[in-house]
Each structure stands twice: as structure tokens, then as C-alpha cells.
Amino acid sequence: MGRVRNFVWACALIFPMPQFAVAANALDRCEARTFQDGDYVLPYRLLKPKSIDANEKYPLVIFLHGAGERGDDNEKQLIHGMNDFASDEVMAKYPAFVIAPQCPRGEAWGGIPRLAKTETPAGQLTIELSAVLKATEALRKEFPIDDNRIYITGLSMGGYGTWDALAKRPELFAAAAPICGGGDPASAPTMKNVPIWAFHGADDPTVPVERSREMIEALKAAGGEPKYTEYPGVAHNSWSQTYSNPELYAWLFAQRKK
């Protein structure tokens, strides 16, 4: 038995286990693009409706990936969640633009300084998230996008980025869906009027579930009416069952700025 175990370990070293692969739907359907913001170049993928009617206006979703998908290949950010947005079912029922930017290694979208080597002054957006919002503004000029239906969602580090964007640019968003992230409860009054549906695994060892709970409580105390789903027995990966849930899309795309 010991020889078998040693052989398995040796094989694992020589032939490492495959990493998560980008699903074909997202990779094939999301156009590779970049956005230049001064000296900073933001790589991003853009999912477009299958057909675009110039006389129609379409929603736009900002999707923020987690820490594990950072880099510069402009592909890894599609690993989690984006295949759901790019599915036949979602694209047919909810034609929309989805921007999936990629954060560089060693940096973060915002709201979680320990992941970023570059310090961001208090109250300001990170360089990366600022570029995302500027890229969004450029897309609004390029395509027929409904300014009253701009949404933001993200997982883990992207969940923190979602809360941070809400805190600093609440007027931009018609709704938000932060997943296993956290924010500053003191910012709740600034975003209390934005429809928010947060998600978290009750047994998350990476981002404590208290981070979502305290944001929800702060929003309620400020007069907001957020939705919150907590998954019993679920660890950090609370995004798979969230992005595969048809109710999320029905709720998200029904929201409009008043």
C-alpha cells in the first residue's frame, strides 16, 4: 500500500492535476479587448447580445473576478461565473452586454488592501477599478446601453470590489450582487437605495461570513432593503450555485434605476 501511495504522489509531481479550464461558451463568445487609462492598460472580455438592434437599449453587467484569476492573459477571469452569463439560456432570455475585466497580479479591485501591493488613498477607487468604470463609460458611448440598467457583481475579491464600487459610485448602478465579499459598514448609507442581493457560504474559511452579515445589517439599519442568501454548510465557493440560479438573473435584469 505504501508503494502505491508513493507512486501516486510521484505521478502528481510529474503530472500535476489540471487547473480549472475556461469553458468554451465564455471563451468563444467574449471578445478580447483592452482599455487604455493613462499608462495603465486594462485587459477585458466583452460579451455582447447575439443580435443588436440599434433602436433598442441593453443592460450592461460589470463582472469582477476573484484573486485567483488575476493576471494578464485576458482569459482566467472567465473561469467562474462568466460561462453562466454566456449560456444559451441566459443570453436568449436576457440580452445584455457583460464586461469581464482582469486585475493584474498583486493588485485588487478595492475594499481589501491586504491583497494589493499598491496603496489606494482613502475614499478613492483603485487604479484597476477606476479603469473598469472608465471602460464602462466608453462602452456606453460605443453601444446602445441602457444607462438605467447597469449592474455590478463579483466573487470573493470581486465581491469586495463590488461593495467598494457601490460605496464610491452608488449613482451608477441599478443593482448589485456581491458574492462572498465584504465592505465597510460605515458606507451603508451611501448605497442604501441600490437594490442589493448578497450571497455567502455559512462555513467560508477564506472570507468570513460575518463580512456579508455585517453589511446586510448596516444596510437595514440605514433604511435599505437588501436581499441576502446564506448557504448552510457551504465553504468559499458560493458563486457556483449563485451564478447557476435562474432567480438571480430574473431579479438582476428586472432592476432599473428610478
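Throughout, residue positions are numbered sequentially from 1 according to the sequence presented.
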(message) Could you check whether any side-chain heavy atom of I145 comes within less than 4.5 Å of a side-chain heavy atom of E137, counting everything from C-beta outward?
(response) no
(message) Looking at every heavy atom in both W109 and G158, which two are closest together, and how far apart are they?
(response) CD1-CA, 3.8 Å
(request) Go through the steps for D184 and S187 under the test side-chain hydrogen bond (donor to acceptor under 3.5 Å, both in side chains), then give the verdict. (result) CA-CA 6 Å; D184 179 4; S187 67; 5.3 Å; no
(request) Please answer whether the main-chain N or O of P113 pairs with a side-chain N or O of Y160 as donor and acceptor at a distance below 3.5 Å. (result) no
(request) Search all heavy atoms of E107 against all heavy atoms of M157 and return the closest pair with its distance. (result) O-SD, 3.8 Å
(message) Could you see if L155 belongs to whatever hydrophobic cluster contains I112? Use Ile, Leu, Val, Met, Phe, Trp, Tyr and a side-chain cutoff under 4.5 Å.
(response) no
(request) Considering non-hydrogen atoms only, spot the tightest contact between S156 and G66 and give its length. (result) CB-CA, 4.5 Å
(message) I'd like to check H65 versus Q102 (side-chain heavy atoms, cut-off strictly below 4.5 Å). Are they in contact?
(response) yes
(message) Once side chain to side chain contact (heavy atoms under 4.5 Å, CB included) is applied, do any residues pair with D203, and if so which ones, sequence neighbours excluded?
(response) none
(message) Checking the side chain of D204 only, and the main-chain atoms of V207 only, is there a donor and an acceptor separated by less than 3.5 Å?
(response) yes
(message) Atom CD of residue position E225 - does it have more than 12 heavy atoms of other residues, nucleotides or ligands inside 6.0 Å?
(response) no
(message) Taking the six-membered ring for Trp, are Y94 and F85 closer than 6.0 Å centroid to centroid?
(response) no
(request) Could you tell me whether the side chain of R105 reaches within less than 4.5 Å of the side chain of D72, counting heavy atoms only? (result) yes
(message) Tell me every residue that passes salt bridge (charged side-chain N to carboxylate O under 4.0 Å, His left out) with D39, counting only those two or more places apart in sequence or in another chain.
(response) none
(request) Test D146 against K257 for salt bridge (charged side-chain N to carboxylate O under 4.0 Å, His left out), laying out the working first. (result) CA-CA 10 Å; D146 187 344; K257 282 200 297 186; over 6 Å; no
(request) Give a yes or no on whether E119 atom CD has more than 12 heavy-atom contacts from other residues, nucleotides or ligands under 6.0 Å away. (result) no
(message) Quick check on ring-ring contact (aromatic ring centres under 6.0 Å, His included): which of Y243, Y151, W239 does F63 satisfy it with?
(response) Y243
(message) Does atom CD1 (I127) have a neighbourhood of more than 12 heavy atoms from anything else shown, all under 6.0 Å?
(response) no
(message) More than 12 heavy atoms of other residues, nucleotides or ligands under 6.0 Å from NZ of K258: yes or no?
(response) no
(request) Evaluate the side-chain hydrogen bond (donor to acceptor under 3.5 Å, both in side chains) criterion for residues E230 and Y228: first the C-alpha distance (whole Å), next the side-chain angles of each, then the deciding distance (0.1 Å), finally the verdict. (result) CA-CA 7 Å; E230 188 172 298; Y228 178 53; 2.7 Å; yes
(request) Considering non-hydrogen atoms only, spot the tightest contact between A202 and G233 and give its length. (result) CB-N, 4.2 Å
(request) State, yes or no, whether a side-chain contact exists between F97 and L139 at a heavy-atom distance under 4.5 Å. (result) no
(message) Tell me every residue that passes salt bridge (charged side-chain N to carboxylate O under 4.0 Å, His left out) with R169, counting only those two or more places apart in sequence or in another chain.
(response) E171
(message) Tell me if the NZ atom of K227 is crowded by more than 12 foreign heavy atoms within 6.0 Å.
(response) yes
(request) Taking all non-hydrogen atoms of both residues into account, name the closest pair between L60 and I99 and its distance. (result) CD2-CG2, 4.0 Å
(message) Looking at every non-hydrogen atom in both residues, tell me the closest pair between E75 and R45 and how far apart they are.
(response) CG-NH2, 3.5 Å
